[in-house]
Amino acid sequence: MKPAKPLRTEVRRRALATAAERLRDAQVVVLSGPRAVGKSTVLRTLAAELGREVVDLDNPSTAQAFTADPMRFLDRPRPVLIDEYAKAPESLDLVKALLNRDGSPGQFLLAGSTRYGSVPAIAQALTGRAQIVPVLPLSQGEITETTESFVEELVRGRTPALADSGLDRAAYADRVLRGGMPMALRIAGEGARQRWFDQYLQLTLDKDVAELRKVRRRVLMPRLATLVAARTAQLANTAKLGQELDLDRSTTEDYLQLLEAVFLHQQLAAWGTTLSARSAATPKLHFVDTGLAARLLRVTREQLLAARPQALQQFGHLLETFVVNEIVKQTHWLDEPVAVGHWRTHDGDEVDLVLERPDGSVIAFEVKASPNGREEDARGLQALARRVGEDRCTGVILHTGKHAFRLGGALALPVASLWQAD
C-alpha cells in the first residue's frame, strides 16, 4: 500500500496561508492540532517570512528560561510566535495584559497539541481575542499537491461538474488505511508504519494526556481509544463505553474529553435540533485519523475489502469518517465560517454531514461505501430538504464508484471529487 505520489519531506500546508490571513485581523492566532502533523513547521515557515524567531516551549532549556522570566520572551517585536504554548498556561495572563496595552491585530501566533479550550485558564485569558486555525492530518489534496476547492465552490452556491474518477473501492480503502499523518506517510514499509502508529498512540497517552490531568485508571486509556476507534462514525454512547470498561458515566465522559483534548477523536455535534422535536441531539464520534483508527482495530486491506457483512460495515464507518474529515478540513480554510454537524431524527431519517451557510441554507452529504447508487441512498437528503425547503438544501451523495450522476434530486459523485482538480 503506497501513496499515489511519494510524500515530500515537507508539505506546504493550507493552514499556512489561513494563519497569515487571520493574523491580519486577530490579536492572537492559535494553530491547534494533534502532535506530529506539522504545526511547528507552519510556525517556523511563518517566522521566516515575518523575520521572527520561534519561542519553542517543547525545548527544556527554553521552557526553563521562559518560566523564569516570561516577559523577556513576550514583550518583544510583534508578532511573537510560541510553540507548545499550553506548557506555560500561566503566561497567558501576561499575554492578556500586553493585549490590553496594545489591541492591534497580529500580536501573537501560538501553536499547541492540546485542543484549544481544554485548558480553562487559556480559554479565559484569550476569550474574544483569539482565532483558531486547525492543523489536522494532511488532506488528500495536500498529499497529492492539489488545491481543493470542492467545499468552497458548494458554499458559494456553485454546482460541481459531474466528473468521473479513476479510483475504485480498493483505492479508497488504501487511502483510508494510510490516513494523513505526515511521518507515517513517509514510511515505506507496512510493518514500520504500524509500529509508528503504536508509538504515536503511546506517546500521546503517556505524555500529552498526563500533562493535562492525572488519570486514576491510566491503564484503561489505550483500551478506550480502541473502543472509540471501533465506534467511529457512530453516535456517542457514553453509557455503553463505560459498561465495557467498568467505569461510571462521569469518569467515562472525563476520559473521553481527555482523548478529544489530545486530538485522538472529535465529536460531530447534532445539527438541526430546532427543526423539530423529532431531531436527535446526540453527537457522533469521528476518529481524527483513519490510519490510526485502522491500526487500533488491526484492520488489513484484505479484511476491509472482504465481502462479509462485518467488513462492509467497518469499511462504511471508516469511509464516512475519512470523508467527513476531508470536508471539515476544507471548511477551516473558508473566509466565512459555516456550521457543521450531522442530522438524525427519532423517525430514522439521517444525514451524515450538514454544512449550514450564514444565510441558513444547507449542504447535506451522505457517504456510501457502495459504487452503485440506489434511490434509498437519497432518502435522508430528501427528508432534510422537506424540512428546510427544497430550494435551501443542496444534497450530495459521495460514493466509491467511478461515475458521477444525479440521484433522487441529489448529486451523486465519486469521493475523489473532494480533492481532484476540475
Side-chain angles (χ1 to χ4, degrees), residues 14 17-18 139-169 171-172 175 268 271-272 275 319-343 349-422:
R14 291 287 295 271
T18 303
S139 72
Q140 294 302 301
E142 288 173 322
I143 293 172
T144 60
E145 300 180 10
T146 303
T147 301
E148 300 115 309
S149 60
F150 183 83
V151 171
E152 181 181 4
E153 294 299 300
L154 279 172
V155 169
R156 288 181 174 181
R158 298 171 184 166
T159 302
L162 295 180
D164 293 342
S165 168
L167 299 185
D168 58 13
R169 195 168 183 271
Y172 290 121
R175 290 172 184 264
L268 183 65
W271 177 89
L275 286 180
L319 181 70
E320 180 182 333
T321 287
F322 173 83
V323 170
V324 167
N325 287 347
E326 290 296 312
I327 293 173
V328 170
K329 289 170 192 175
Q330 292 189 35
T331 67
H332 294 152
W333 310 326
L334 298 175
D335 291 333
E336 286 189 273
V338 294
V340 179
H342 79 95
W343 183 65
D349 294 319
E350 59 182 316
V351 173
D352 294 331
L353 181 65
V354 178
L355 306 184
E356 182 181 354
R357 300 184 183 96
D359 66 358
S361 61
V362 301
I363 309 161
F365 297 91
E366 268 294 299
V367 184
K368 299 299 178 183
S370 168
N372 303 311
R374 299 171 298 175
E375 284 294 330
E376 64 187 65
D377 293 341
R379 189 182 71 176
L381 300 175
Q382 292 166 344
L384 180 58
R386 288 193 294 271
R387 296 280 188 182
V388 301
E390 299 284 347
D391 60 335
R392 296 176 61 77
C393 180
T394 302
V396 181
I397 299 169
L398 294 164
H399 58 77
T400 59
K402 296 184 178 182
H403 303 296
F405 49 92
R406 291 187 177 274
L407 180 66
L411 297 169
L413 305 171
V415 169
S417 302
L418 291 171
W419 63 85
Q420 285 183 341
D422 293 338

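Both backbone and side-chain heavy atoms feed into the values below; hydrogens, waters and symmetry mates do not.
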Thinking salt bridges, do Glu148 and Arg14 make one under a 4.0 Å N-O criterion? yes
Let me confirm one number: the CZ-CG distance from Arg379 to Asp349, rounded to the nearest 0.5 Å. 5.5 Å
Identified side chain to side chain contact (heavy atoms under 4.5 Å, CB included) partner of Leu407 from the options Arg374, Glu366, Glu375: Glu375
What residue pairs, at least two apart or across chains, pass side chain to side chain donor-acceptor pair (under 3.5 Å) with a residue in residues 399-414? Asp164-His403
If you take all heavy atoms of Ala378 and Gly408, which pair is closest and at what distance? CB-O, 4.1 Å
Provide the closest heavy-atom pair for Ala163 versus Ser417 in the form atom of the first, atom of the second, distance. O-OG, 4.4 Å
Please check if any side-chain donor atom of Trp271 sits under 3.5 Å from a side-chain acceptor atom of Glu356, or the reverse. yes
If you look at every heavy atom in Cys393 and Ala364, which pair is closest and at what distance? SG-CB, 4.2 Å
Would you mind listing every salt bridge (Lys or Arg N to Asp or Glu O under 4.0 Å) that reaches into residues 388-398, with sequence neighbours excluded? none
With a 3.5 Å distance limit and no angle check, can you tell me whether Ser361 reaches the backbone of Arg357 through a side-chain donor-acceptor pair? no
CG of Leu154 to CG of Leu355, rounded to nearest 0.5 Å, is 8.0 Å
Mind checking the CD-CD1 spacing from Glu153 to Ile363? Nearest 0.5 Å is all I need. 11.0 Å
Are the side chains of Glu152 and Trp333 in contact, using a 4.5 Å heavy-atom criterion? no
Reported CD-to-CG distance for the pair Glu320 and Asp352, which is rounded to 0.5 angstrom: 3.5 Å
Using a 4.5 Å cut-off on heavy atoms from C-beta on, say whether the side chain of Val362 contacts that of Trp343. no
With rounding to the nearest 0.5 angstrom, report the CG to CD distance, Leu381 to Glu350. 10.5 Å
If you take all heavy atoms of Gly380 and Val351, which pair is closest and at what distance? O-CG2, 3.5 Å
Side chain of Glu326, backbone of Gln140: donor and acceptor closer than 3.5 Å? yes
Interatomic distance, Phe322 atom CZ to Leu418 atom CG [nearest 0.5 angstrom]: 8.0 Å
Note: Pro358 and Glu336 closest approach over all heavy atoms is CG-OE2, 3.7 Å
Just wondering, do Phe365 and Val323 contact through their side chains at under 4.5 Å, heavy atoms? no
So for atom CG, which belongs to Asp359, do other residues, nucleotides or ligands contribute more than 12 heavy atoms lying within a distance under 6.0 Å? yes
Given the options Val415, Asp377, Leu398, Leu319, Lys368 meets side chain to side chain contact (heavy atoms under 4.5 Å, CB included) only with Asp377
Side chains of Ile143 and Trp419, heavy atoms from C-beta outward: is any pair under 4.5 Å? no
Are Tyr172 and Pro414 side-chain neighbours, meaning at least one heavy-atom pair lies under 4.5 Å? yes
